[in-house]
Structure formats: C-alpha cells, structure tokens
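All remarks here apply to the structure that follows.
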There are 2 protein chains.
Amino acid sequence: MAGRAAVPEVIWARPERTGRGPRPAFTRADIAAAAVRLADAGGLDAVSMRHVAAELGCGTMSLYNYVPRKEDLYELMVDAVSGEHDLFEPTGDWRADMLRNARQTKALMHRHPWMVRLMSGVYGFSPNALRYLEHCLACLDPLEAPYGTKIELVAMLNGCVTTYVSNELSTAERVRSLPWSEEQENAVRIAYLGGQVASGAYPRLAASFAEDSGPIDLDAVFERMLGRVLDGFSPRG
Amino acid sequence: MAGRAAVPEVIWARPERTGRGPRPAFTRADIAAAAVRLADAGGLDAVSMRHVAAELGCGTMSLYNYVPRKEDLYELMVDAVSGEHDLFEPTGDWRADMLRNARQTKALMHRHPWMVRLMSGVYGFSPNALRYLEHCLACLDPLEAPYGTKIELVAMLNGCVTTYVSNELSTAERVRSLPWSEEQENAVRIAYLGGQVASGAYPRLAASFAEDSGPIDLDAVFERMLGRVLDGFSPRG
DNA sequence: CCTAGTTACGTACAGCGTACGTAGTGCGCT
DNA sequence: AGCGCACTACGTACGCTGTACGTAACTAGG
C-alpha cells in the first residue's frame, strides 16, 4: 500500500531483488537490452514504456516495478552500452591508450547514435561508467599529474568525442523520423546556406567556402581534435 | 487548400511575410521571445505549442502558421538567444578575443540553461548563429591558418563550453521538474557514489577522492579548459 | 500459518504534437 | 472594380506519451 513512495534515489542504489514476493520475470539487463534494441532499430523516440514492455512481452505498468521513472530506463541503456567498452590492458603509453579509448567511444556512438542525446542529461555514475573511468585512470598511470587533472582529461576527451559525433550525426539521427529523405533535407539546407553566404553579409564565411581544400576528411578532423586535446595535457606541451 | 505541403525546408528559408492575406498578428521575434520567456521561467518542458500560444494570446493551431514544426520553434529560440552575443570589435589579440567569446557563451548558457539541451540537435545555421560565426572568424583574422582550421577551432571551443556547462547544470536543470530538492538528490547520489568507491572496486577513483586538493574551483577548471583548447591551435604550441 | 511486501497489469487521466476542416480576410491580377 | 487565391485564425479530434492508482496473485520472514 504505502510502498510506492516517491523518494529520491539512484536506480543503482536500489537493489535489483529484495527477496520478498514473486520472482521478477526479467533482470535489469533484459530490460536494458530490449530498450537498446528498440533504440538501435527505430531511434530514441521508439523507446517508450509501452514499446519496451511490448518488446519484453509484459504489461506496460509492470515495467514500473523495475524502473521507477523513464529517466532510469535511460540510465540503464547508457550503462548497458557503456559495458561495450573494451577495457584492455594499459600498455604504458598513455597517449596511445587514450587515443584507443576515444576511437572506441566514437565507434560505440556510431553503433548507437541515440547515445549522444542521452549523454547530456544522464549522470554517468552507472557501474559500467565507473568501470570505464577507472580503466581510463589506469591508462593514465604513466602520466605524472594529480588525479584531478586526469579526470579533467577524461572528461574533456569524452566531451569532445561526444560533441564531434553529435555534429557528425545531427542530421542522420534526426532525419530518421522525418517524412523526407536526408538528401532532400541537406539539399535544402545547402541551398539556403549558399544563398546566405552569397548575400555578402558574411565575407569570411564566404571565403572559407571558396577556400579550396579538397573534400573534407572527417576522420582526419577527428584525429586532429584528439591530438590537440591530448597535447593540452602532455608535459612541457 | 493545397498549400499545406509537407515539404522539407529550413524555417530561415521561408519568408516571414508573403504579402497576401491578413496581416500576421505576430513576428517571429514575438514568438521566439514568448518561448524563451517560458523556457527561462519553467524549463524547456514548459515550452509546448499550447503554452506558447497561450503566452501569445492566440489559439494553439494558429502558431502553426508561423512555425511549421515544433523543432522550428526550437530553432527560433536558439537564434533569439544567439542574438544576445556581444559582437565586439576584434582587438587583434585572437586568443584574448576568443576567451572573451567563450566566457560570454558560458554566461549566456547560465542565463538560459535549457540551451544546452537544444545545442545538440539544432543545426546552428540561423542568422544570428552565422553572424556569431562570422564574428569569431573576424577575431581569428590575426591567426595565420586556413579557414578550415579556424572553423575547427570555433567548433571545438563552442563544443567544450557547451559540454562544460552541460556538466555544470546537469543536476540543476533536471531537478527543476522533480518533486524533491537538489540537496536530497545530491545527498543520495553522493552516498551511493561513496559506497561504490569504498567497495574497493575502483582503487584509482578512490585515490582521487582521497586526494586532498581543497574545494574545487569550477571557474579555474573552466579557464584551464579554454587555455588548453586554444593552446592546441597556437603556432609552435 | 499469517501477513506484509512484491509482482503483475488494466484502467484512466492529463498532456503532448499536429492533421484536417472551415471561416474570414485582403493582396494581386485581370 | 472585382474575382480568386493565398493567407490567417482556430476548433475539433486522433494517436501517442508518462504515469498515478486500484486490484489480484504470490511468496518469504516472523
């Protein structure tokens, strides 16, 4: 009766099983996996309590026994894919190791494009996130710096990767739910942008368009960015 | 009759006024201002088509004459606050100027905390965003580098500022709509985190907690971050 | 054994974005 | 001048959302 208290809690602090009552039909991992499956297939908007419940084959409201709020479902999802990180053995070369981590994160976000929308809004203290953070700190053992600085490094690198992928995917993820194609969308935007630039109101922007730099190599842009971030933390850099 | 085509378009490409028919009762600026007012007062979730219409004093569906999709309303909002940037005269010291721009952006996002949620998802080619970009490029005139690099700089700096503020505000903006206080929320999260760290599963994380570095000076963290980003673009840096 | 705490889930409500139909208005063209 | 069309305005309605609440079945601890 009175067990339905609306009390502040982190889902990770609430035990998955308390012992009383019937055996739960699912684990948190089941639920997270179902939600991730839906998001991968149909974007984040396809993840509704009803859809996840249907995917699991249970009533909608039964989900609330496992996940008190929708936001907690998001936390489960983020934790689940955070577990996809390969926590390799540090090599002793912290720069190379962190590059590897960053590339992995990028690949992970390409696999799960909805992640970028969840990263800004979820806390990042889920078990797998903590494991990943600990792994990064292990990679940074060779770097002589206080832990505070190392955590700043990890945060900045992750942030940059997220922002980068977010820009990369901003059309792709959005376009999924629109009734027209990405080509159309881009064509319209480029036409508009070209018109603006041609208006003469933005001379430097126009110059940058005119600058002949060949086709943009996104991978190179990404790698340059990583290098710059790491440079900022290298001794005598 | 047939004028309600669902055609891909950027709202900025659609003229605000076509000449035919009755005078529109509002300008885009009116609508953006109303939405911004609501978001400032009640968070982004308070911005619904119905609420904005009520704030303007018109019927809900009338809004759709001005704003074909909700997403376009978001674009109007982002453009409106982008116009709050002070496009000062460049001083010739590109580093100082970009620092000033970044600090301004941070202040702007503190004034409108909902912006961080919109920044990842909106395109950023609105008139005021273009003006701001052009201004940044003007500040970067003294830097000898191709425009491609300068744009990478602006993107990275903006991205880092956004990420930083996002982390800073992740609780604050969220907590607004929860039925308990931020103190409670934080207490619960810290208790949980402390427990995890104390479990011994994360030795380096535990060490970083134990590290005595005095109270965290967020402003200093922010400034360090800016410095590192700019260092990555400084000649012989 | 009993009972308190859980699981399961149907119903219901308030709110959302928005498709569509209709009525009224005034510019542009003939 | 006046016809017609593009536009504004907006009520109604639909399908969807998160989730509060009530009820019935179940099981482990006292």
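Just so we're on the same page: letters track the sequence lines, and every chain starts at 1. Quick caveat: nothing in here was measured; it's all calculated off a predicted structure.
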Please classify the nucleic acid contact of [X] as base, sugar-phosphate, or nothing, using heavy-atom distances under 4.0 Å.
X	value
A/Y66	sugar-phosphate
A/A25	sugar-phosphate
B/S48	sugar-phosphate

Toward the 5' end of DNA chain C, by each residue's nearest nucleotide, B/R20 or B/A46: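 The residue closer to the strand's 5' end, by nearest nucleotide, is B/A46.
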Would you kindly compare A/G57 and B/R17 by the position of their nearest DNA chain C nucleotide and give the one closer to the 5′ end?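 Of the two residues, A/G57 wins.
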Angle between terminal axes - the helix from C/dC1-D/dG30 to C/dT30-D/dA1, 5 pairs each end, rounded to 10°: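 It works out to 10° between the end axes.
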Of all heavy-atom pairs between A/R14 and A/R28, which one has the smallest distance, and what is that distance?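 Taking every non-hydrogen atom into account, O-NH2, 2.7 Å.
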Nucleotide nearest B/N65 (side chain, heavy atoms from C-beta), chosen from D/dA28, D/dG11, D/dT8: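 Per side-chain heavy atoms of B/N65, the pick is D/dT8.
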For A/P22 and B/F26, find the nucleotide of DNA chain D closest to each by heavy atoms; which residue's nucleotide sits nearer the 5' end?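 Per heavy-atom nearest nucleotide, the more 5' residue is B/F26.
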Base D/dG18 paired with A/R50 side chain (donor-acceptor, <3.5 Å): yes
Rounding to a whole Å, what distance do you find between B/D45:CG and D/dT19:P? 11 Å
What integer distance in Å separates B/H51:NE2 from C/dT18:C1'?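 After rounding, the gap between these two atoms is 16 Å.
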Give a yes/no on whether any side-chain N or O of A/S62 is located under 4.0 angstrom from OP1 or OP2 of C/dC9. yes
Any donor and acceptor pair, going by atom type alone, linking the side chain of A/D79 with main-chain N or O of A/N128 inside 3.5 Å? yes
With A/K106, the side chain to side chain donor-acceptor pair (under 3.5 Å) member among A/D219, A/T162, A/N101: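 Answer after filtering A/D219, A/T162, A/N101: A/D219.
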Using a 6.0 Å cut-off, check whether atom CZ of B/R23 has over 12 heavy atoms from anything other than its own residue. no
